[in-house]
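For reference, the structure is listed below as structure tokens.
Lettering of chains follows the sequences in order, A, B, ..., and the numbering in each one begins at 1.
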Number of protein chains: 2
Amino acid sequence: MSETKLSARQEAMVEFIGQFIEENGYPPTIREIGKACGISSTSVVNYNLTKLEREGILVRDREVSRGLRLAETLREGMGNLIRVPLVGRIVASEPCPVPGSDFAIFGSDEAIELTRDIVDRNDDLYALQVQGDSMVDAMINDGDVVIMRPHKDVKNGDLVAVWLLDREETTLKRIYKEGKRIRLQPANPTMQPIYIEDPATVEVQGRVVAVIRRPN
Amino acid sequence: MSETKLSARQEAMVEFIGQFIEENGYPPTIREIGKACGISSTSVVNYNLTKLEREGILVRDREVSRGLRLAETLREGMGNLIRVPLVGRIVASEPCPVPGSDFAIFGSDEAIELTRDIVDRNDDLYALQVQGDSMVDAMINDGDVVIMRPHKDVKNGDLVAVWLLDREETTLKRIYKEGKRIRLQPANPTMQPIYIEDPATVEVQGRVVAVIRRPN
DNA sequence: CTTGACTTAGAACGCGCGTTCGCGTTATAA
DNA sequence: TTATAACGCGAACGCGCGTTCTAAGTCAAG
């Protein structure tokens with residue numbers, strides 16, 4: 001779609017509409033747009049509005065007063081904020097909860113709002129709060145919130161939450177598949193890696209996409 | 001103001017209005033509110049609307065179609081997103097930059113958008129990206145982003161960035177004033193604290209309000 | 001020049017929608 | 001009981017506002 005097709009008048013209209021909505025909380029009328037952009041006739045405003053709609057710049061609800069909104073605002077408002085459900089706590093001594101299996105230990109309305117600056121996509125992300133100091137070797141403190149993505153494709157070097165069957169503990173490590181064995185590398189470079197000879201004894205719960213800490 | 005004064009009908013109206021705005025991008029009319037809440041008369045809707053306005057729940061623009069908005073939405077929309085400038089990198093071997101003294105090493109448009117869920121207030125917050133593994137004893141990795149608040153009032157137990165004059169290094173520690181001396185406690189509980197006998201040799205750069213890590 | 005697509009103007013139509021008024025119901029207090 | 005207020009209903013008034021029709025000005029192609 002070419003965006004250069006917008007005339008100066010149409011560009012002014014779009015700018016005014018956006019400004020108006022932000023100021024007043026509701027869209028302007030045809031006549032308000034006309035007055036602001038120096039258009040005397042309502043039909044001209046209507047004409048250009050229909051044009052902008054066909055261009056995809058805005059969405060109109062016909063027969064409705066103030067029934068228009070900017071498509072841009074629609075996407076920005078919906079897409080820039082991501083609500084991630086806080087589904088539970090992660091403790092070393094027990095398997096960490098996942099959204100599918102058990103339900104949330106917090107109310108389902110418990111969620112963390114994040115921006116695209118922190119997590120780019122939102123494909124079934126969920127959040128867990130770390131309890132205890134058992135994750136210090138993963139550079140993660142008590143109280144930290146980890147944002148998880150269901151594992152699906154785990155690549156070498158990913159920071160993942162795994163449940164170790166034989167040790168009966170949950171841990172956060174970087175995972176490397178080295179032939180038949182698996183190496184679990186702590187994030188803290190001063191700690192030693194764990195080598196797992198039997199891949200069946202590790203269950204990857206998910207990949208850590210972000211860690212958020214709020215000291216006191 | 002007592003919030004329990006809302007009747008069931010008024011509460012339903014508020015809920016419907018918020019839902020309607022989110023769905024359509026513009027507020028409902030009096031008659032739409034009435035139909036949705038089972039009110040046959042427009043005057044009743046108008047009556048309760050005026051009541052809600054006096055209660056501070058919503059704002060009305062008189063004589064204007066769809067001229068209403070929720071006060072809550074007003075605050076949330078404007079204030080929920082916080083832009084924090086990314087002013088530079090923090091390295092152990094040099095003093096960390098602060099917004100006032102040196103200017104941003106990144107473009108001034110370099111900023112991170114955060115929500116109120118991560119940082120509550122926005123009083124001159126700024127962000128620094130950690131470079132190097134020198135902060136591992138503060139449980140902070142290479143590449144982590146720390147959100148800082150200019151120090152002002154530093155309380156015991158705050159996680160702060162300090163410049164140590166005699167060691168010539170920047171470090172992130174929890175600070176405790178114990179009489180005349182200062183104790184700098186690493187976040188990693190396995191590490192030993194540093195004791196500073198002369199308070200003049202530490203310069204508090206700011207308080208860490210959040211740490212954000214995005215593993216690869 | 002004529003033709004036709006694009007854009008602007010002005011005016012009229014008609015329903016949308018906020019406002020207002022009268023009146024009935026219920027509740028709490030004097 | 002009456003008085004006052006809070007709350008509800010329905011109808012009518014009147015401007016707000018989207019729609020539509022006619023007409024005219026602009027500009028490039030033929």
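Remark: A:Lys51 is in phosphate contact with C:dT7, judged by side-chain N or O atoms under 4.0 Å from OP1 or OP2. Taking 4.0 angstrom as the limit, B:Arg60 places a side-chain polar atom (N or O) nearer than this to OP1 or OP2 of C:dT19. Phosphate proximity of C:dC17 to B:Arg66: present, with a side-chain N or O under 4.0 Å from OP1 or OP2. At C:dT8, one or more side-chain N or O atoms of A:Asn48 fall inside 4.0 Å of OP1 or OP2 (strictly under the cut-off). Considering only side-chain N and O atoms, B:Asn46 lies nowhere under 4.0 angstrom from the phosphate OP1 or OP2 of C:dG18. The phosphate of D:dA6 (OP1 or OP2) has no side-chain N or O of B:Arg9 nearer than 4.0 angstrom. For the OP1/OP2 pair of C:dG10 and a distance below 4.0 Å, the side-chain nitrogens and oxygens of A:Ser40 include at least one atom meeting the criterion.
Between D:dT19, D:dC9, C:dT7, one nucleotide has an atom nearer to the side chain of B:Ile39 than all others, and that is D:dC9. If you check D:dG18, D:dC9, C:dG18 against the side chain of A:Ser65, the one that comes closest is D:dG18. Side-chain proximity of B:Thr42 to the nucleotides D:dA11, C:dG18, C:dG10 is greatest for D:dA11.
Between the CD1 atom of B:Ile30 and the P atom of D:dA11 there is a distance of 17 Å, given to the nearest Å. Spacing between atom OH of B:Tyr47 and atom C1' of D:dG10 amounts to 17 Å, rounded to whole angstrom units. In this structure, the CG atom of A:Leu49 is 15 Å from the C1' atom of C:dT7, given to the nearest Å. When rounded to the nearest whole Å, the span between OH of B:Tyr26 and C1' of C:dG16 equals 13 Å. We find that NZ of B:Lys35 is positioned 16 Å from C1' of C:dG18, with the value rounded to whole Å. As a whole-Å value, the separation of B:Leu68 CG from C:dC17 C1' is 12 Å. What separates CD1 of B:Ile33 from C1' of C:dG18 is a distance of 11 Å, to the nearest Å. A straight line from CG of B:Asp61 to C1' of C:dT19 spans 15 Å, rounded to a whole angstrom.
Between A:Arg214 and A:Asp144 there is no salt bridge, since no side-chain nitrogen of the basic residue lies less than 4.0 Å from a carboxylate oxygen of the acidic one. Classification of B:Glu178 and B:Arg183 as a salt-bridged pair holds, one side-chain N sitting under 4.0 Å from a carboxylate O.
Between the side chain of A:Arg31 and the base of D:dG18, at least one donor-acceptor pair of N or O atoms lies under 3.5 Å. Contact of A:Thr29 with D:dG16 (side chain to base): no donor-acceptor pair of N or O atoms is detected under 3.5 Å.
To the nearest 0.5 Å, atoms CZ (A:Arg207) and CG (A:Leu159) are separated by 8.5 Å. Atom CG of B:Asn141 and atom CE of A:Met139 lie 4.0 Å apart (nearest 0.5 Å). Separating the CD atom in A:Glu32 from the CD1 atom in A:Ile30 is a distance of 11.0 Å, to the nearest 0.5 Å. In this structure, CD1 in B:Ile90 is found 5.5 Å from OG1 in B:Thr170, a value given to the nearest 0.5 Å.
Each of B:Gly38 and B:Glu63 has a nearest nucleotide on DNA chain D; the 5'-most of these lies closest to B:Gly38.
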